[in-house]
Amino acid sequence: MRILSGIQPSGALHLGNYFGMMLPSIELQNQGDAFYFIANYHSMTSLFDAERRRQNTMDVALDFLACGLDPKKSVFFRQSDVPQVTELSWLLTTLTPMGLLERCHSYKDKIANGISPNHGLFAYPVLMAADILLYDSNIVPVGKDQKQHVEVTRDIAIKFNEAYGQTFVVPEPRIREDVALVTGTDGQKMSKSYNNTIEIFGEEKATRKKIMGMVMDSRTPAEPKPDAEKNSAIQLLKLVAPVEVSSDFENRLRAGGLGYGDLKKGLFEHYWNYFAAARTRRAELTQNLDHVNAVLKDGAQRALMVAQPVLERARKACGIT
Ligand code: ADP
Ligand code: TRP
């Protein structure tokens with residue numbers, strides 16, 4: 001079983017990225033043939049600073065390795081180190097109906113948030129389809145917001161297979177329902193574009209400040225809160241604290257008597273402990289960037305071995321070769 005996922009180097013990674021995509025990916029590396037990559041071509045649709053892209057790419061590599069991606073079990077690489085993906089993207093784009101892309105929520109949301117659309121942003125899901133199909137992927141672990149893109153990939157694969165004969169494996173998204181949507185400090189979906197993130201490896205003082213600044217309602221500490229399970233700090237606590245701790249906080253909030261300040265303090269402490277070991281590993285890796293570069297280089301070579309024959313198969317099927 002081939003498992004594949006990617007993440008854009010578009011800024012510091014946050015708890016939404018971690019619980020939605022990284023942790024499920026890391027867990028799956030024991031269950032199949034896992035391919036994970038840093039989607040630097042995709043980041044070009046919304047980030048226009050070359051040095052930042054280079055820096056972010058290295059940061060994502062450090063984050064992923066520190067959090068437990070094991071390069072002995074998984075193939076870990078930079079998207080652009082296998083540029084064959086851009087050729088496949090062209091083959092696929094000619095079979096992609098405009099309407100399919102026009103319906104993509106992610107595109108519509110980005111425009112609604114003020115990003116000025118370029119052709120790359122519109123065609124983004126086709127490049128993502130190429131990423132997935134180039135490696136004969138069966139399973140794609142992603143957060144809920146990426147589900148539609150995997151469905152677009154399925155549609156494109158089926159269309160190509162119908163037009164040119166059986167060529168591509170039709171993949172399936174894998175979404176963990178318990179962490180499908182991690183909420184941010186303002187109660188909305190946590191996202192780099194909404195300025196509401198809690199970073200995985202944020203600096204201590206700044207992250208404490210962010211957590212203490214989480215938006216709550218104006219009910220007094222004494223008031224019972226029958227909707228305690230909807231509280232965004234409780235929801236995050238469930239991800240980073242043992243279940244008996246988070247249920248205790250939830251019960252105290254529900255009964256009344258627990259102030260939001262104390263709840264947030266508890267959240268910060270558990271968040272900080274949860275990533276303690278990974279933080280140490282990241283600091284060590286930062287001292288050994290040659291090793292990180294070697295991992296990515298080796299990953300690219302292994303990825304290419306799979307990609308090359310699949311691209312050749314697609315070229316033959318459509319009459320290019
Ligand atoms: P962002 O919205 O911050 O730009 P990306 O779109 O780069 O995040 O997402 C990278 C990965 O992390 C995707 O698989 C996505 O589904 C997952 N992800 C991002 N935000 C969340 C969230 N709030 N909850 C769950 N998963 C998320
Ligand atoms: N679009 C994904 C995101 O923003 C990143 C991505 C690019 C991806 N190519 C992919 C994810 C292929 C899974 C499979 O998070």
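No hydrogens, no waters, no symmetry mates; every other heavy atom, side chains included, goes into these values. Each ligand, and each atom within it, is numbered from 1 in the order the structure gives. Given the structure is predicted, the values throughout are model-derived calculations rather than measurements.
Phe268 and Tyr271 have tilted rings, their planes meeting at an angle from 30° to 60° on a 0 to 90° scale. A tilted orientation is assigned to the rings of Phe19 and Tyr274, their planes being inclined by 30° to 60°.
Among the atoms of Leu181, none of the N or O lies under 3.5 angstrom from an N or O of ligand 1. Inclusion of Gly143 in the set of residues having an N or O under 3.5 Å from an N or O of ligand 1 is warranted. Geometrically, ligand 1 and Lys189 share a nitrogen or oxygen pair separated by less than 3.5 Å. For ligand 1, none of its N or O atoms has an N or O atom of Ser10 under 3.5 Å away. The shortest N or O to N or O distance between Gln8 and ligand 1 is not below 3.5 Å.
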Just list the side-chain donor-acceptor pairs under 3.5 Å for residues 197-207, sequence neighbours left out, or say none.
| from | atom 1 | to | atom 2 | distance (Å) |
| --- | --- | --- | --- | --- |
| Glu203 | OE1 | Ala206 | N | 3.3 |
| Thr207 | OG1 | Glu203 | O | 2.6 |

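Side-chain N or O atoms of Ser247 include one that pairs as donor or acceptor with a backbone N or O of Val243 at under 3.5 Å.
Heavy-atom proximity to Gly20, at under 4.0 Å, picks out these atoms of ligand 1: 25 (C), 26 (N). Under a 4.0 Å criterion applied to the non-hydrogen atoms of Val142, ligand 1 contributes the atoms 14 (O). Within ligand 1, the atoms closer than 4.0 Å to a non-hydrogen atom of Asp145 are 15 (C), 16 (O), numbered from 1 in the order shown. Per-residue contacts place Met190 under 4.0 angstrom from the following atoms of ligand 1 (heavy atoms of the residue considered): 20 (N), 21 (C), 22 (C), 23 (N). Residue Met21 approaches ligand 1 through these ligand atoms, each under 4.0 Å from one of its heavy atoms: 11 (C), 12 (O), 14 (O).
Using a 4.5 Å heavy-atom threshold, the side chains of Arg208 and Lys264 count as separate.
Proximity annotation for atom 5 (P) of ligand 1: of Asn17, Val60, Leu15, Leu13, Asn17 comes nearest, heavy atoms only.
Residues satisfying the ring-ring contact (aromatic ring centres under 6.0 Å, His included) criterion with Phe160, sequence neighbours excluded, are Tyr164, Phe168.
A cation-pi arrangement, defined by a distance under 6.0 Å to the six-membered ring centre and an angle within 45 degrees of its axis, is present between Arg2 and Phe35. Annotation: cation-pi pair Arg279/Phe275 absent, no NZ/CZ under 6.0 Å from the ring centroid and within 45° of its normal.
Aromatic pair Phe64/Phe76: ring centres closer than 6.0 Å.
Checked by atom type, the side-chain pair Asn231/Lys225 shows no donor-acceptor distance below 3.5 Å.
Residue contact check for ligand 1: Met22 places no non-hydrogen atom closer than 4.0 Å to it.
At a heavy-atom distance under 4.0 Å, only side-chain atoms of Ile7, from C-beta outward, approach ligand 1.
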Could you list, one pair per line, each nitrogen or oxygen of ligand 2 together with any protein nitrogen or oxygen closer than 3.5 Å, giving atom names and the distance rounded to 0.1 Å?
| from | atom 1 | to | atom 2 | distance (Å) |
| --- | --- | --- | --- | --- |
| ligand 2 | 1 (N) | Tyr124 | OH | 2.7 |
| ligand 2 | 1 (N) | Gln146 | OE1 | 3.0 |
| ligand 2 | 4 (O) | Gln8 | NE2 | 3.2 |
| ligand 2 | 4 (O) | Tyr124 | OH | 2.9 |
| ligand 2 | 4 (O) | Gln146 | NE2 | 3.4 |
| ligand 2 | 9 (N) | Asp131 | OD2 | 2.7 |

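Listed by first and then second residue, the salt bridge (charged side-chain N to carboxylate O under 4.0 Å, His left out) pairs that reach into residues 19-32 are Glu27-Arg176, sequence neighbours excluded.
Heavy-atom minimum distance, Tyr41 versus Gln79: N-OE1, 2.8 Å.
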